[in-house]
Structure formats: C-alpha cells, structure tokens
2 protein chains.
Amino acid sequence: MQTHFTIDCVILTFDEGQLKVLLAERNEYPYKDWWALPGYFVNKYEEMEDAVSRILFEMTGLKDIYMDQLAAFAGVKRHPEGRILTVAYLALVQMEEVKNKISSGSTYMRQLKWFPVTALPDLAFDHKEIIELSLDRLKKTVSYSMTPYELLPSKFTLTQLQQVYEALLNKQLDKRNFRKKINNLGYLKELNEFQKGVSYRAAKLYSFDKKKFHKTFSQD
Amino acid sequence: MQTHFTIDCVILTFDEGQLKVLLAERNEYPYKDWWALPGYFVNKYEEMEDAVSRILFEMTGLKDIYMDQLAAFAGVKRHPEGRILTVAYLALVQMEEVKNKISSGSTYMRQLKWFPVTALPDLAFDHKEIIELSLDRLKKTVSYSMTPYELLPSKFTLTQLQQVYEALLNKQLDKRNFRKKINNLGYLKELNEFQKGVSYRAAKLYSFDKKKFHKTFSQD
DNA sequence: TTTAATAGTGTAGGAAATACACATTATATT
DNA sequence: AATATAATGTGTATTTCCTACACTATTAAA
C-alpha cells in the first residue's frame, strides 16, 4: 500500500529574548487560512534530503541550512483525504542571517511570520505536536553543545547567550555561575566591540570559536 | 505523489555479555535469503503505532513491547522497485522474557536469529545503517536512564549491569566507581538472593526500583 | 587443601556545581 | 551638572561529584 509523503520544516530562532518558530499561512484546503509549518510534498524520484532543501527553499526562500531529522508523523486522521506521512526536520537559524531572505515562493503558502513558541496560534494538522517535540528534543541536547550559538547572531553578549540557555532549558540561571561555566568551556572569542544603541552600560560582544569547539569534541 | 511505507524493528537485548540484535532471514525478493531487520508494510487505514505492534507480532511473535521511533529512511535507491519509505522503531528487551516467545508468523521471513552487534552478517537494504544509528542513539541516552535495565533480566548482578553500560558506552568502567555511582542513583533494590550455577563466589542479585526512578525524574 | 575465578569494599585528591551581593558604567532625565 | 535608571561585571566558600587505585573474601572444582 502507498501513502502521500511530505516534509515539514520546524525553523527556530532566538529574537527579542524569545525562541521563535517560522510559520506559514496556508492558501489551500484543508486548513485554508490556518497557520502551519512550511512544508510540501516529496517528488517521486527525489532523495529525501534533496526534498528537504528544495521544500525549504520554495516555502521560505532559505538555502544552505542544516536540517536535522526530527521524526515521522503518520496519523491516519492527520488529513481528511487519508494518511499523509510527514517527516519533520528541524533547523536552527540566526535571525540576522535570515530575516531579509525569507519569502514564500509558493502560492501554496500566503505569508510567513515568526511566532514566539510560548504564543503559538492554532495550528493545522498535528503541527503543534511537532513543534513541541522539537522543543523537547532541543532541551535534551542543549548543554555544552553549539545549539545555543546557532540561534544567535555571530556577535552576541553573554546575557543574550544566557537568555538562550534559559529559553531552551526553561529555567533561570545564575549569572556568575553561568559565566564561569561558559568561560571554562572556552568556545568564546572575546571581541573588542560593544553593544550599541542601549541606554545603559554596553555589554562586551563575543563570538563563537568554532575551532576550539571542534577541538574539544573531536577527542570524544 | 505516493510512496510505499514500511516499518522496520530494531530489537536489542543483552546476552552472554554482549549486545545482540534480532534479525530475520528473508524469503522474498529482493534480497531473498539475506538477513534483514524484521519489518513489513503498513496497511492503508492503520495508525503507525498500531502497525508497529502488528508487524512486530507477525514477524517475531512479540507483544506488548514498548518501541521508540528511531528515524525515517527514504532513499530512492533503497529498493530496486523504487522508493520505500521505512520508519525504524527501536525496542529493548530482556532475553529471558522473550527467548521462548520468538517465532516468525510470516512466510515472508524464514527464520529469526540473534546476532551480536559487533558481528553482523551482510544486511539487506540500508539495515546496517539503521542498526548503527540505533546504537549511536542508545549511547547518547544511557547515562542515568533506565535504558540499561530494559536489556537485563529482572534480577541481575551488579557486574551484569556494568557490562551493559560498558557495551553501550563501548568503554571499560572501574568497578568501585561504577558501584558507587549506581548506588547514589538509588534505583536499585538489593535482594536477598544470589546468583546460581556459577563455579565461584555467587554475586548478590538486584532489581530495578521503578518507583524510586520515577520519583527522581518527575521533579525534572 | 589448593587453585581458580569472581565478588566486594574505601579513601584521598581534584574538578566542577552551587549559593550568594555589590560596585561599576553608560545613558537619559531634570 | 547632578541624579536616576538599568544593566554589566566580578569572587569566595561550600558541597558534591569524579577519578585513580589494590587487596581480601567467598565459592566450587580439581
């Protein structure tokens, strides 16, 4: 027996102190006018990884973004016309990198918009469940990984970094202990630049040192 | 566009000091006579979770086993007849529990056999890759989880438990430190029973205390 | 009774995690 | 110029966890 086969993309970023997910407004039945994850059908002779890149590009205009397979969802009742199996993929992006590139190249989706994960609209299909699974997955993989850095601009303050950890772990962290730990990991490059446009003491900017990070993990 | 849709089961256990996986000898083309993961097609109106239970039962005779979704594999070249999307599920079982229940109820698979994961035969499709992904996944989730206990008989010695950790992590552990750590976790119930049939000092048996385990993790 | 094989046990040193509070600095406001 | 505001940036003591390391105890078999 055969089934329809789609890819859905969970695209997360960190902006204005919050985790946000990119959603699209559907322009087709079922769930016309509902918000949904950007996604579409896989072609017959297309490798799944190629389909992921293509669909991501067609639906959002984004290219060359690493996506990780999250899980397959195949409920018979997901779609009124019968089973549609979807494989969900997860991407972490930097808002500054993508904000001017995002545009729907498909008539299938009307507009794209970032929603804080704590304030999602009603979602089509089982897309809410898919986003929740993404967040669970992330929570498990945060610590000591480069996950938080993928969500931040290339230059960031320690407070921003701490906010990402706090959003992902969903708990408060002590500033001094956090900085001690992060410093010990040694992935940070201290820049001689400072935050701009704030009406209080400007924080020093840092960037993520990929070389040091990979050195640490290649021994493992 | 549509695709064929199957489930494959990675069933792991711990036996004779080794991690073993259950494989089936195929009785159908393609890959007739090759070893493969037990798996089959999902029915049209069947929920994926129901399909997993059904296929597991038809292929191996096993029932009521918790299976965790591993990943979807959808390579166009997986199958000579075109794409077959498979969703792989992972189960951990206790050898003593299952060894008398296993039997192929399908003409599709000829015989079932346990193979040490370190000595796999050539496998059909991309099943080797699927098994390797299972082991990677396990390695990441071992520590402080109940994973190792699912692979052991309900009564086990501390040495057996250590062997499971060693097999999953693929490294040697210090006996005293291991016992200290395990004791601190406090999931163990010390029984007043001893190992039998060994020609040396018999080790004390322990069982896993689910209540204590869940208490620890529900705060989290 | 001896041998072989595994069970079972403690301590000291180092590393990392936690708890906790105040002076400093840049800007905006009066 | 003085003041208020809002966030930055820093240290220490305590406890907990991790690691390294070697010998005696027990049982069955020879």
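In what follows, chains are A, B, ... by sequence order, proteins preceding strands, each numbered from 1.
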- Rounding to a whole Å, what distance do you find between K171(B):NZ and dC18(D):C1'? 11 Å
- Have a look at Q160(A) and tell me which of T157(A), V164(A), L158(A) forms a side chain to side chain contact (heavy atoms under 4.5 Å, CB included) with it. T157(A)
- Message: Tell me whether the rings of Y31(B) and W34(B) are parallel (<30°), tilted (30 to 60°) or perpendicular (>60°).
- Response: perpendicular
- Query: Considering only heavy atoms from C-beta outward, does the side chain of L19(B) approach that of L135(B) to under 4.5 Å?
  - Reply: yes
- Could you state the atom-to-atom distance from CZ of F178(A) to C1' of dT10(D) in whole Å? 16 Å
- Message: To the nearest 0.5 Å, what is the distance between CG on L123(B) and CZ on F125(B)?
- Response: 11.0 Å
- Item | Counterpart residues, salt bridge (charged side-chain N to carboxylate O under 4.0 Å, His left out), relative to E190(A) (two or more places apart) | K204(A)
- Rounded distance in Å - CG (L185(B)) to P (dT16(D)): 16 Å
- the helix from dT1(C)-dA30(D) to dT30(C)-dA1(D): angle between its terminal axes, five pairs each, to 10°? 10°
- Ring geometry between F208(B) and Y187(B) (parallel below 30°, tilted from 30 to 60°, perpendicular above 60°): perpendicular
- For K181(A) and dT10(D), give me the distance from atom NZ to atom P, rounded to whole Å. 19 Å
Report each atom pair, protein N/O against N/O of nucleotides 5-11 of chain C, whose distance is under 3.5 angstrom.
from: dA7(C); atom 1: OP1; to: T159(B); atom 2: OG1; distance (Å): 3.0
from: dA7(C); atom 1: OP2; to: T159(B); atom 2: OG1; distance (Å): 3.2
from: dA7(C); atom 1: N7; to: K175(B); atom 2: NZ; distance (Å): 3.4
from: dA7(C); atom 1: N3; to: R201(B); atom 2: NH1; distance (Å): 3.2
from: dG8(C); atom 1: OP1; to: K204(B); atom 2: N; distance (Å): 3.0
from: dG8(C); atom 1: OP2; to: R179(B); atom 2: NH1; distance (Å): 3.4
from: dG8(C); atom 1: N7; to: K175(B); atom 2: NZ; distance (Å): 2.6
from: dT11(C); atom 1: O4; to: K180(B); atom 2: NZ; distance (Å): 2.7

- Query: Between Q163(A) (CD) and dT8(D) (C1'), how many Å, whole number?
  - Reply: 13 Å
- Query: Atom CG of L151(B) and atom CG of L12(B): how far apart are they, to the nearest 0.5 Å?
  - Reply: 7.0 Å
- Charged N to carboxylate O under 4.0 angstrom, E193(B) versus K155(B)? yes
